[in-house]
Number of protein chains: 2
Amino acid sequence: MRKTFLFMDTIFNKVDAKGRVSLPADYRAIVKEAASEIVCYRSLTSPCIEGCLEDLLEKLAQDMENSLDFFSQEQDDLTNLIFGDAKRQTFDSTGRIMLSEKLLKHADITDCAVFVGKGRKFQIWNPENWKKEEERIRAEVLKKRPSLKTPGEAK
Amino acid sequence: MRKTFLFMDTIFNKVDAKGRVSLPADYRAIVKEAASEIVCYRSLTSPCIEGCLEDLLEKLAQDMENSLDFFSQEQDDLTNLIFGDAKRQTFDSTGRIMLSEKLLKHADITDCAVFVGKGRKFQIWNPENWKKEEERIRAEVLKKRPSLKTPGEAK
DNA sequence: AAAAATCCCATGATATACCATAGGCATAAA
DNA sequence: TTTATGCCTATGGTATATCATGGGATTTTT
């Protein structure tokens, strides 16, 4: 039995005419072992779909409860947005989930999608948008940490 | 049972046409005893592949979770970059792992590779590139710490 | 009834598991 | 010291299982 439940890797999958996508096999294995369910919602910050185990949202709710800012407007808004948007995603015997119109539209996904692991969470992107986003992030990270630059890369 | 799990030594192995490489026996022993799995990803800093136990990434995920800004941009970026690139590497009964095209290309590896121990992590290099890198590192160290010079070596 | 969602089967591609061989290193034997 | 023996590792090849994906049938919803 595995000890860790981390979503990793970047997987490209097709979305068929009915809006079905194969959840990557690795992700399915996690869901199965964790005995929890996948929950998806529109990312608050990016044009992509975000997914995680229901456990994580449970933890989020808990943290909010215990937080000092229990009545803060900000947290209220955040929880509203997330929990109001989130939806459990079941998958069929071949491991496909159905993405709703709302989600697909938010991420601008039509016929193909990229799953990007984020540890406890994962994201689903329009492949082209992800490519740009990845480049942006790489540039950003290297800018903040110039010492990380590849030796010899004069860039 | 051993208490420490450190990757050490420098091992040269062949990569076959399918991208398979034998994980050095010592490394395999660590994986087995730690009851964790190997995870590989493109190094952020060098043209090489980096590997570690999944536990290490688990720890990273934990730190992220416990940090205050659950929704911070910076964390988002980092997790995307690291977990999006990482991949669990299982090995077959003879101890080989499969390196993806993406990884091989990043490290410029074709038919042979060098495993370099780095303690909690290890790296996989193109042998020629590693040779140069090692020389660079040696020179760097000597430059910064002249006192390390072999006694008798006149400056 | 129409539309949508869910389920099930079939298929090709690909990664994974397994089997076989050869070479090296260390210990045991001479 | 030299030779023989056996185990372990690396490596090549092959078979098998798994996965992504298309299409159709069945059920549920409205």
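Lettering follows sequence order; numbering is per chain, from 1.
- Residue A/R20 contributes atom CZ, which lies 13 Å from atom P of C/dC8 at whole-angstrom precision.
- Note: CD1 (A/I97) to P (C/dC7) measures 14 Å, nearest angstrom.
- With D/dG24, C/dA15, D/dG22 as the choices, the nucleotide that has an atom nearest any side-chain atom of A/K18 turns out to be D/dG24.
- In the set D/dT9, C/dC8, C/dC19, the nucleotide with an atom closest to the side chain of B/T94 is C/dC19.
- Considering only side-chain atoms of A/N13, the nucleotide from D/dA20, C/dC8, D/dG22 that sits closest is D/dA20.
- With C/dC19, D/dA20, C/dT16 as the candidates, the nucleotide lying closest to the side chain of B/R96 is C/dC19.
- The side chain of A/D92 approaches C/dC7 more closely than any other nucleotide in the set D/dA10, C/dA17, C/dC7.
- A/Y27 and A/M8 make their closest contact through OH-O, 3.1 Å (heavy atoms, listed as atom of the first residue, atom of the second, distance).
- When B/R138, B/K132, B/K131 are each tested for a salt bridge (Lys or Arg N to Asp or Glu O under 4.0 Å) with B/E134, only one passes: B/R138.
- If you measure from atom CG of A/D111 to atom P of D/dG22, you get 10 Å, rounded to the nearest angstrom.
- Atom pair B/D16:CG and D/dG13:C1' shows a separation of 10 Å (rounding to whole Å applied).
- Taking every side-chain heavy atom of A/M98 into account, C/dT6 is the closest of D/dC19, C/dT6, D/dT21.
- The side chain of B/T90 has C/dA17 as its nearest neighbour among C/dC7, C/dA17, D/dG22.
- Side-chain proximity of A/P24 to the nucleotides D/dT9, D/dA20, D/dT14 is greatest for D/dA20.
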